[in-house]
Amino acid sequence: MNLKRVTELRQLIHQYNHDYHVLDMPTVSDAVYDSLFKELMTLEASDPKLKLPNSPTERVGGVVLSGFKKVTHTSAMLSLSNAFSTADLRDFDQRIKKLTTHANISYFAELKIDGLAVTLHYEDGQFIKGATRGDGIVGEDITQNLKTIKTIPLTIDETRPLEVRGEVFMSKSVFDALNHERSQAKEALFANPRNAAAGSLRQLDSTIAAKRKLAMYAYSLVNADDLGITTHAASFMHLVGLGFNVNTISATCQTIEEVIQFTQHWEEKRNQLPYDIDGIVIKVNELNERTAIGNTVKSPRWAIAYKFPASEVTTKLEDIIFTIGRTGMVTPNAVLTPVSVAGTTVSRATLHNEDYIMNKDIRIGDDVIIRKAGDIIPEVVAPIENLRTDATQPFKMITTCPKCHHTLVQPLGEVDHYCPNPTCPAKTVATLIHFASRNAMNIDGLGEKIITQLFEAGLLFTIPDIYGLTAQQLLPLERMAEKKVNNLLHAIVESKKQPLDKLLFGLGIRHIGSKVAHTLAKVFQTMDRLSQLTVNELIQVPEIGEKIAISLVDYFADPQNQALIQTLKDFGLNMEMTVQHALTTTSPFTDKTIVLTGALQIPRSEAKQLLETVGAKVTSSISKKTDYLIAGPGAGSKLEKAESLGITVLTEDDLINLLGRVHTT
């Protein structure tokens, strides 16, 4: 009897949640809802066996974690390239037309919510896992906190595996109420709704997240192709049918001029919305064309984010100081009278380089216009010349390094100045900070302040020095208690397990960003292999250009860098993309493009991983470039298209048999 009632209550509450939070059409009074919810909680408390992981009572939180587990995304959560003008949008349109033969490409335009991107996984109709975007490859498991968001369905009417991506945000009214509450409690205020949303999702206590009243708009059905969906607009409608909350302020545009009209309209109306937006996202609507258009290493070529012109304010430029990066590049920075820009207080802003300052005639003591480029990076736009006085000081570029006093150099044809001193302390500290950073070796506790402290104490000068640190060295230092030291040393040991791409990025090789490092590590697998490559071999990889290839080859040709790599090997750092896949494997699928469809017995993610291990490229759409379609029961439209194109169709048994023919060398 209790089980039947609990099932009935769950169904009712799920429906009432959807009516209220997604449709904004409450169908029962608060008193009725509260009564049903209380009854469900009482029944579940009376018999723990009655409580399921996706019960509506999970919305109130209560799970306290010791930390967030890492989650490797089934497909990369790429960032979008940006457009800042209508000219940029027209250029995007021209690029799309050159990359596809489709005569009538349309675009889907939607508001760019200023929140935090997440991905949700469903199996057998149940929400099983959710994660942050992280670095695009690896995110954090925030399942318990996502369960507290009432616009995320915990159950859906779809038994096939489903991945949905969306943006978690906090409305302006909830943000204002939260900051008022924090002000009354003498707590630090959140700078803006995005920071508040991000901070809420990263609470280890899900009860706190539940109180923050977050919401989510779903914006992507990752495996839409598997469901026979052909357009992004249709995937939106399918998400609505499954109970997801999508932003109805969107448009299917037949031309780029229609897209521009949409962006201009919402640029004017953005302040009337109940949530923050910082632009418009434009995507090619036809899903099958996206595969042909493809991706760069960082972003899809078939989508772009139009960023609204940044908020601009005025303040006083009090001074110009110089920082030295890990490559020795000198960057002038403005010291400003603190001012609020787009929700955050700004006291420093980049001035880029000498040419930028001279061309704009920016002077110390000027009143200047400040904005956030793309609503993120503060920069000085221009001085307000009619407010200038005789007390202002014209800019003069420094000629020596402010840290080591070595004479600066300016390479021929470049606008930037560099400190060429290989032992410059500023370069050393910046190199160490980069190596230990989150997107590189992720050494928790080894941030800028600690690295600077260890450098000044004479304990840290090179990357290998990190792995030679001992408790005896650290404990006598100021603010280095035993627990802090033990945690730091543990984090250093754990960092040795990081995969090859993290190490490669951490080394700070010029032009090798995190996405390029991941591509190189995935393709070539080991540090030894990477160190032996030629420029010609490297540029065979689609995402690797000549500039990157030359930089990598030059790096490994340097005897000092060779010695560094060997020392890190001796300390036990992982030099492979994955230890278990360190060997080179070949199979009938090596260098082949594969599409999976239908109901496979092997979990889709596992089949994809197995195929990628032996060198296959797994995509979601059928095209002329597809080599094999692996089809299970209920294959549908993909099977029909494969047969019409003459593509080889294999069963799951064929897949297993062929995977058995793997040769390891």
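This chain uses plain numbering: 1 for the first residue, then up along the sequence.
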Undergrad: How are the rings of Y217 and Y275 set to each other: parallel, tilted or perpendicular (split at 30° and 60°)?
TA: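 Taking Y275 first and then Y217, their aromatic rings stand perpendicular (interplane angle over 60°).
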
Undergrad: S75 and R165: side-chain donor and acceptor closer than 3.5 Å?
TA: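 Short answer, yes.
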
Undergrad: Would you say the side-chain atoms of R133 pair up with the backbone N or O of V118, donor to acceptor, closer than 3.5 Å?
TA: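 Not at all, since once roles are kept as given, no pair shorter than 3.5 Å links the two residues.
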
Undergrad: Could you tell me whether a side-chain N or O of N145 sits under 3.5 Å from a main-chain N or O of L201, the two making a donor and an acceptor?
TA: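 Side chain of N145 to backbone of L201: a pair is present.
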
Undergrad: Measuring from atom CZ of R194 to atom CG of D276, what distance do you get when rounded to the nearest 0.5 angstrom?
TA: 11.0 Å

Undergrad: Show, in sequence, the C-alpha distance, side-chain angles and deciding distance for I280 and F308, and conclude whether the side-chain contact (heavy atoms from CB on, under 4.5 Å) test is met.
TA: CA-CA 8 Å; I280 304 292; F308 293 142; 4.1 Å; yes

Undergrad: With respect to F244, which candidate in F236, Y122, F127 satisfies the ring pair (Phe, Tyr, Trp, His ring centres under 6.0 Å) definition?
TA: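 With F244 as partner, F236, Y122, F127 yield a single ring pair (Phe, Tyr, Trp, His ring centres under 6.0 Å), made by Y122.
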
Undergrad: Please confirm whether the backbone N or O of H434 pairs with a side-chain atom of S437, one donor and one acceptor, at under 3.5 Å?
TA: yes

Undergrad: Could you state the interatomic distance from CG (D554) to CG (N561), rounded to the nearest 0.5 Å?
TA: 10.0 Å

Undergrad: Working to the nearest 0.5 angstrom, can you tell me the gap between D627 CG and I647 CD1?
TA: 8.5 Å

Undergrad: With respect to S106, which candidate in H232, E286, E289 satisfies the side chain to side chain donor-acceptor pair (under 3.5 Å) definition?
TA: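 Of H232, E286, E289, side chain to side chain donor-acceptor pair (under 3.5 Å) with S106 is met by E286 alone.
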
Undergrad: Check the pair D528 / M575 against side-chain contact (heavy atoms from CB on, under 4.5 Å), numbers first and verdict last.
TA: CA-CA 8 Å; D528 286 342; M575 296 282 162; over 6 Å; no

Undergrad: Any side-chain to backbone donor/acceptor pair from D141 onto K129? Under 3.5 Å, distance only.
TA: no

Undergrad: Would you check if T119 and M77 make a side-chain contact, meaning some heavy-atom pair closer than 4.5 Å?
TA: yes

Undergrad: I need the N288 CG to I229 CD1 distance, nearest 0.5 Å.
TA: 13.5 Å

Undergrad: Check R95 with D91, please: is the shortest side-chain N to carboxylate O separation under 4.0 Å?
TA: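 Result for this pair is no, no salt bridge flagged.
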
Undergrad: In Å, rounded to the nearest 0.5 Å, how long is the span from SG of C253 to CG of N285?
TA: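 Nearest 0.5 Å value for the SG-CG distance: 9.5 Å.
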
Undergrad: Under the 3.5 angstrom rule, does the side chain of S551 hit a backbone N or O of R510 as a donor-acceptor pair?
TA: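 Answer holds: yes.
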
Undergrad: Applying ring-ring contact (aromatic ring centres under 6.0 Å, His included) as the test, list every pair that has at least one member in residues 509-542; sequence neighbours left out.
TA: none

Undergrad: Got a sec, which pairs hit salt bridge (Lys or Arg N to Asp or Glu O under 4.0 Å) with one end in residues 434-445, sequence neighbours left out?
TA: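 Counting only pairs at least two positions apart or across chains, the salt bridge (Lys or Arg N to Asp or Glu O under 4.0 Å) contacts touching residues 434-445 are E140-R438.
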
Undergrad: Donor-acceptor pair, distance only, cut-off 3.5 Å: does the side chain of T143 make one with the backbone of G130?
TA: yes

Undergrad: Evaluate the side-chain contact (heavy atoms from CB on, under 4.5 Å) criterion for residues Q498 and L503: first the C-alpha distance (whole Å), next the side-chain angles of each, then the deciding distance (0.1 Å), finally the verdict.
TA: CA-CA 7 Å; Q498 289 284 8; L503 174 58; 6.0 Å; no

Undergrad: Tell me which pairs pass salt bridge (Lys or Arg N to Asp or Glu O under 4.0 Å) where either residue lies in residues 230-253, with sequence neighbours left out.
TA: none

Undergrad: Got a second to check how far R90's CZ is from Q94's CD, nearest 0.5 Å?
TA: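 These two atoms lie 10.5 Å from each other.
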
Undergrad: Quick test of your reading of the model: are D88 and K307 salt-bridged, counting only N-O distances below 4.0 Å?
TA: no

